[in-house]
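Contents: one structure, followed by commentary.
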Amino acid sequence: MSIRHGLLALLERGPRYGSQLRTEFESRTGSTWPLNVGQVYTTLSRLERDGMVAQDGEDDAGHALYSITEDGRTELRSWFETPVDRSSPPRDELAIKLAMAVGAPGVDIRAVIQSQRSHTLKAMQDYTRLKAQALADVPADRDEVAWLLVVEQLIFQAEAEARWLDHCESRLVRLAEAAATEPAASTNRGATRPAASRPSARR
């Protein structure tokens, strides 16, 4: 998630101060990725250092306002136009957990998968309920539309994770079955091997 670009997008709508940006960011994303004010001001400081925002006086309450610069608009347009890079995907804790659980002594990986599946399906139900609430009334403004897009992405992500967990369990079952039958197959091959081809038969 690019907090930096999210703040630039909000500033393009007009000057904002830090806690206002935090509130609008969370409103737009349905508080899915909460920010703290310190994080916002740290990001604003870096954007100001890079020439993408500039301080723009104060409002009536004395809050320091920030405005986007032309360099900031150029950066924002580039962000919108450039596909999100998937060549270096972020670390996924679940994928790492299952990878480490394979063959780990004392770990029932199928129990790990089943526990995660239950959690994922519950999350998907919660997201679906939130979507239904959002659709109870036609979205009235851009923040409501943005939140609907975010919650639908969370639903699709949960659905994909549940399917992947099903796939992992099926693969582990097949591998376990193959491992269980391999010794018997090897024994059978040795028992049916022609005597003339055995080293002892040539002696």
Between Ala9 and Phe80, which heavy-atom pair has the shortest distance, and what is it?
-> CB-CZ, 4.3 Å
Quick one: do Val173 and Leu165 end up in the same hydrophobic cluster if we chain Ile, Leu, Val, Met, Phe, Trp and Tyr together by side-chain heavy atoms under 4.5 Å apart?
-> no
Heavy-atom donor-acceptor pair, Tyr66 side chain to Leu11 backbone, under 3.5 Å = no
Common cluster, Leu121/Trp164, ILVMFWY with side-chain heavy-atom separation under 4.5 Å = no
Hey, could you give me the CD1/CZ distance between Ile113 and Arg117, rounded to the nearest 0.5 Å?
-> 7.0 Å
Take atom CZ of Arg13 as the centre, draw a 6.0 Å sphere, and report whether it contains more than 12 heavy atoms from other residues, nucleotides or ligands.
-> yes
Report the residues that fulfil side chain to side chain contact (heavy atoms under 4.5 Å, CB included) with Glu159, sequence neighbours left out, ordered by chain and then residue number.
-> Met124, Ile155, Phe156, Arg163
Decide yes or no for Val151 and Gln133: does some side-chain heavy atom of the first lie under 4.5 Å from some side-chain heavy atom of the second?
-> no
Looking at CZ of Arg16 and CD1 of Ile68, how far apart are the two atoms once the value is rounded to the nearest 0.5 Å?
-> 11.5 Å
Going through the distances and angles, do Asp85 and Ser87 end up as a side-chain hydrogen bond (donor to acceptor under 3.5 Å, both in side chains)?
-> CA-CA 6 Å; Asp85 184 16; Ser87 61; 2.7 Å; yes
Looking at side-chain heavy atoms only, is the closest gap between Leu154 and Leu130 below 4.5 Å?
-> no
Taking all non-hydrogen atoms of both residues, which atom of His5 and which atom of Leu76 are closest, and how far apart?
-> O-CD1, 3.7 Å
Check the hydrophobic clustering (I, L, V, M, F, W, Y; side-chain heavy atoms under 4.5 Å; chains of links allowed) and say if Val145 and Val150 are grouped together.
-> no
Rounded to the nearest 0.5 Å, how far apart are CE of Met52 and CZ of Arg4?
-> 4.5 Å
Looking at residues at least two apart in the chain, or sitting in another chain, which of them share a side-chain hydrogen bond (donor to acceptor under 3.5 Å, both in side chains) with Thr120?
-> Gln116, Glu161
When clusters are formed by joining ILVMFWY residues with side-chain heavy atoms under 4.5 Å apart, either directly or through shared neighbours, do Leu35 and Val53 land in the same one?
-> yes
Are any side-chain N or O atoms of Asp59 and backbone N or O atoms of Ala61, one a donor and one an acceptor, separated by less than 3.5 Å?
-> yes
Could you tell me the separation between the CG atom of Leu65 and the CD atom of Glu58, rounded to the nearest 0.5 Å?
-> 7.5 Å
Please check if atom CD in Glu93 has more than 12 non-hydrogen atoms from other residues, nucleotides or ligands closer than 6.0 Å.
-> no
With Ser19 via side-chain hydrogen bond (donor to acceptor under 3.5 Å, both in side chains) - residues at least two apart = none
Hydrophobic cluster membership, Leu7 vs Val37, 4.5 Å side-chain cutoff = yes
Full working for side-chain contact (heavy atoms from CB on, under 4.5 Å) between Gln39 and Thr42 | CA-CA 5 Å; Gln39 193 174 15; Thr42 297; 5.8 Å; no
Which pair of heavy atoms, one from Leu44 and one from Gly18, lies closest together, and at what distance?
-> CD1-CA, 4.3 Å
Looking at Asp71 and Gly51, what are the two nearest heavy atoms and their distance?
-> CB-O, 3.5 Å
Contacts of His119 that satisfy side-chain hydrogen bond (donor to acceptor under 3.5 Å, both in side chains) - sequence neighbours left out | none
What are the two closest heavy atoms between Pro15 and Asp56, and how far apart are they?
-> CG-OD2, 3.6 Å
Using atom types as modelled and distance alone, determine if a side-chain donor or acceptor of Thr74 lies under 3.5 Å from a backbone N or O of Glu70.
-> yes
Sequence neighbours excluded and cut-off under 3.5 Å, please list the side-chain donor-acceptor pairs for residues 94-110, or say none.
unit_1	atom_1	unit_2	atom_2	d
Asp108	OD1	Arg110	N	3.2
Asp108	OD1	Ala111	N	3.3

Verify salt bridge (Lys or Arg N to Asp or Glu O under 4.0 Å) between Glu24 and Arg28, making sure each step is shown before the conclusion.
-> CA-CA 6 Å; Glu24 291 187 13; Arg28 185 70 66 89; 5.9 Å; no
How far does CD of Glu152 sit from OG1 of Thr128, to the nearest 0.5 angstrom?
-> 10.0 Å
Arg174, CZ: over 12 other non-hydrogen atoms inside 6.0 angstrom | yes
Kindly write out the residues that satisfy side chain to side chain contact (heavy atoms under 4.5 Å, CB included) with Thr29, not counting sequence neighbours, or none if the list is empty.
-> Phe25, Trp33
Arg46 side chain near Thr43 side chain, heavy-atom distance below 4.5 Å | no
